[in-house]
There are 2 protein chains.
Amino acid sequence: MADVELRELRYFRAVATEGSLSRAAATLGMAQPPLSRAISQLERRLGVRLLDRDNRGVSPTPAGETLLAETARVLDAVSAAVHRTRRAARANPTLVVTAKPGVASTVLPRAVDAYRALPAAGEVEILVSGYGEQADLVRAGEVDLALIGSPLHGAGLDVEPLVGEPRVAALPAGHALADGRALTVADLHREPMPQWTDSTPEEVTYWSGRDTVPSSAPLTGPPIRDSAQLVEVVALGQAVALVPESLARANQRPDIVYRPVRDASPYVVGVAWLAGSRDRRVADFVRAASTLADPLAETA
Amino acid sequence: MADVELRELRYFRAVATEGSLSRAAATLGMAQPPLSRAISQLERRLGVRLLDRDNRGVSPTPAGETLLAETARVLDAVSAAVHRTRRAARANPTLVVTAKPGVASTVLPRAVDAYRALPAAGEVEILVSGYGEQADLVRAGEVDLALIGSPLHGAGLDVEPLVGEPRVAALPAGHALADGRALTVADLHREPMPQWTDSTPEEVTYWSGRDTVPSSAPLTGPPIRDSAQLVEVVALGQAVALVPESLARANQRPDIVYRPVRDASPYVVGVAWLAGSRDRRVADFVRAASTLADPLAETA
DNA sequence: CATCGGCCATACCCCCAGGGTATATCGCTC
DNA sequence: GAGCGATATACCCTGGGGGTATGGCCGATG
């Protein structure tokens, strides 16, 4: 019994995220009644009420919330299974490794070169991916490895730190804190700081500098999606930010000053792969990449 | 397209592990032809040949091997989803935490007490589980947390070390190394050491002491399944072993002597939970349990 | 070398679960 | 109370998943 099927989970996810059976049916390309039946059947199988219905739609019960989270895991795992199996079938299985734009042209080539120097090295393919999607690509099995930046914690991923660099404060020119003194993160806690959209609690803590120095001050500041926006809002005087030194070097401009922050944790780039992978080539790559490690990485 | 269904994965797993369509059909309680068709269909959907057939059965191709591994992940995730959802539906969701026999009566009660002392603490249920099945219970969603022993690495699990203790050498009375000198793991590498059955490479490395001092000497020694067997084979002079100090204290007997091993890594008990869990109670439990942490745990 | 036995693939049939359409029912709004 | 926008129910139909029978292949066996 309780032989849940993927179709039911896909349906449930659609319904729970849409908040409506009829809308979900539309996006699934099917009629509403069978969907209604399928969800009821899923509830019967689990013996659990998953949705509260009323006349304006549906909303997940607590049990439904957990099923929704678990469903994401399952569907990720399925997608990963399909991708990995297909990739494994190719004659010369290629190791696919990804990174976001900046890292892809700096750290990644060094790591790839280190791997290619191994006697047992195979083909490597580099995929440049968008901001924040590296972990998903690994989980979905579309890539074998990803270089990700701090904070180095991804659910379901194993991570090995590679290289680190200090973080510095980015201040609008003429800001009160820009007078030349060295700063501490506590100085920044009372200032508005940019908020990355869709960020996890860990990311919020890390980018606000609260990973080393906790603070209960409210988090304020303009929402941003990428580092170009970050530079803009700082230049406009809307916020101060804690940024990797390399970003500071790449964005020297008269309306922004950068200052060291003594007690900020460093920005670390690490290599991540699916937790528990037994793939020989993945292990080789990680080992080769680790030879790039510098001492700063320890403090991640 | 490529809408793989769980039924197909369950079938594939059965076939791949049985090594035969007809035997798998029997264990699945169905006839062989539909199974054959289902597998062919799965291969068509993936566009990948999964099995090599011959007249004496089937064996997985490399792609089939990866699919088999991925299938385990998927089915684990599904089972976890079902269990967690059902548990979440109960009125007062109980936090279920497990440990193997020894740990369940020593470290676990202390951790549970620390959690119960929290103002927001809820119900806690303790489940005593068998050797080596703790990680599976967490992955399958049957428990929320597990106390596991070194080596603290479980695929798909997050682990926080709690308490550690040194490991000592267990030697047959009269053994050449039992003359009172302090030992190093290198001394043990040339001796036969018990081999845990079904152990992962990490476990083999850890229990042979090769995690701190590598060695290429062949691994020899009698297979064992639990610590009672371990004590027996040492007492009989068939092997020497590296064991936690607490096990040594619990098994004082005239035909075994225990000796410190200076450079052996400690035995650490940690609390493990599903990687990336955002469950409030799980986080509370881990935080409460961490207050038990002692300095030795750092070296895990 | 003819036979047999085990195994997988194919052919063919049947039935039901999953999907469609039509409609009932329920709350809210105006 | 009429209308609207939801979900649930009733009923039908079809595709595919499962069954049985059988064919083809290969190695073992006398």
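Keep in mind that what you see is a predicted model, and the values were worked out from it rather than measured.
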Does [atom1] in [X] sit with more than 12 non-hydrogen atoms of other residues, nucleotides or ligands closer than 6.0 Å?
{"X": "Q238(A)", "atom1": "CD", "value": "yes"}
{"X": "R278(B)", "atom1": "CZ", "value": "yes"}
{"X": "E133(A)", "atom1": "CD", "value": "yes"}

Out of D144(B), L118(B), V271(B), which one pairs with F285(B) under the side-chain contact (heavy atoms from CB on, under 4.5 Å) rule?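 Answer after filtering D144(B), L118(B), V271(B): V271(B).
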Under 3.5 Å donor-acceptor pair, Q32(B) side-chain atoms to dA9(C) base atoms: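 Flag set: donor-acceptor pair detected.
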What integer distance in Å separates [X]:[atom1] from [N]:[atom2]?
{"X": "E5(B)", "N": "dG15(D)", "atom1": "CD", "atom2": "P", "result": "19 Å"}
{"X": "L42(A)", "N": "dA8(D)", "atom1": "CG", "atom2": "C1'", "result": "17 Å"}
{"X": "E18(B)", "N": "dG6(C)", "atom1": "CD", "atom2": "C1'", "result": "16 Å"}
{"X": "L35(A)", "N": "dT7(D)", "atom1": "CG", "atom2": "C1'", "result": "11 Å"}
{"X": "R23(A)", "N": "dA6(D)", "atom1": "CZ", "atom2": "P", "result": "7 Å"}
{"X": "R45(B)", "N": "dG16(D)", "atom1": "CZ", "atom2": "C1'", "result": "10 Å"}
{"X": "F12(A)", "N": "dG18(C)", "atom1": "CZ", "atom2": "C1'", "result": "20 Å"}
{"X": "E43(A)", "N": "dT7(D)", "atom1": "CD", "atom2": "C1'", "result": "12 Å"}

Given dA22(C), dG18(D), dT10(C), which nucleotide is nearest the side-chain atoms of R7(B)?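 The answer is dG18(D).
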From dG19(D), dT7(D), dC7(C), nucleotide with atom closest to V58(A) side chain: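 Between dG19(D), dT7(D), dC7(C), the one nearest the side chain of V58(A) would be dT7(D).
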Heavy atoms within less than 4.0 Å of DNA chain D: which residues of residues 48-56 of chain A have one? Give them sorted by number.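 Heavy-atom cutoff 4.0 Å gives R53(A), N55(A).
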Base, sugar-phosphate alone, or nothing: which one does [X] contact when heavy atoms must sit under 4.0 Å apart?
{"X": "S20(A)", "result": "sugar-phosphate"}
{"X": "Q41(B)", "result": "sugar-phosphate"}
{"X": "E8(A)", "result": "nothing"}

Under 4.0 Å between a Lys/Arg side-chain N and an Asp/Glu carboxylate O for R10(B) and E5(A)?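 Salt bridge present between R10(B) and E5(A).
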Would you tell me if any nitrogen or oxygen in the side chain of S36(A) comes within less than 4.0 Å of OP1 or OP2 on dT7(D)?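 No, no such contact exists.
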Think S22(B) has a side-chain N or O under 4.0 angstrom from the OP1 or OP2 of dC8(C)?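 True: S22(B) side-chain N/O within range (under 4.0 Å) of dC8(C) OP1/OP2.
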Nearest nucleotide by nearest heavy atom, which residue falls closer to the 5' end of DNA chain C, G57(B) or R37(B)?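 Nearest nucleotide further toward 5': that of G57(B).
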With sequence neighbours left out, which residue pairs that include part of residues 58-67 of chain B fulfil the side chain to side chain donor-acceptor pair (under 3.5 Å) condition?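 Qualifying pairs: none.
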Is there a side-chain contact between V74(A) and V4(A) (heavy atoms, below 4.5 Å)?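 Heavy-atom side-chain distance check fails, nothing below 4.5 Å.
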S129(B) and Q134(B): side chain donor to acceptor below 3.5 Å: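 There is such a pair (donor and acceptor under 3.5 Å, judged by atom type) between the side chains of S129(B) and Q134(B).
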First encountered from the 5' end of DNA chain D, between P34(A) and A38(B):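 Result of the comparison: P34(A).
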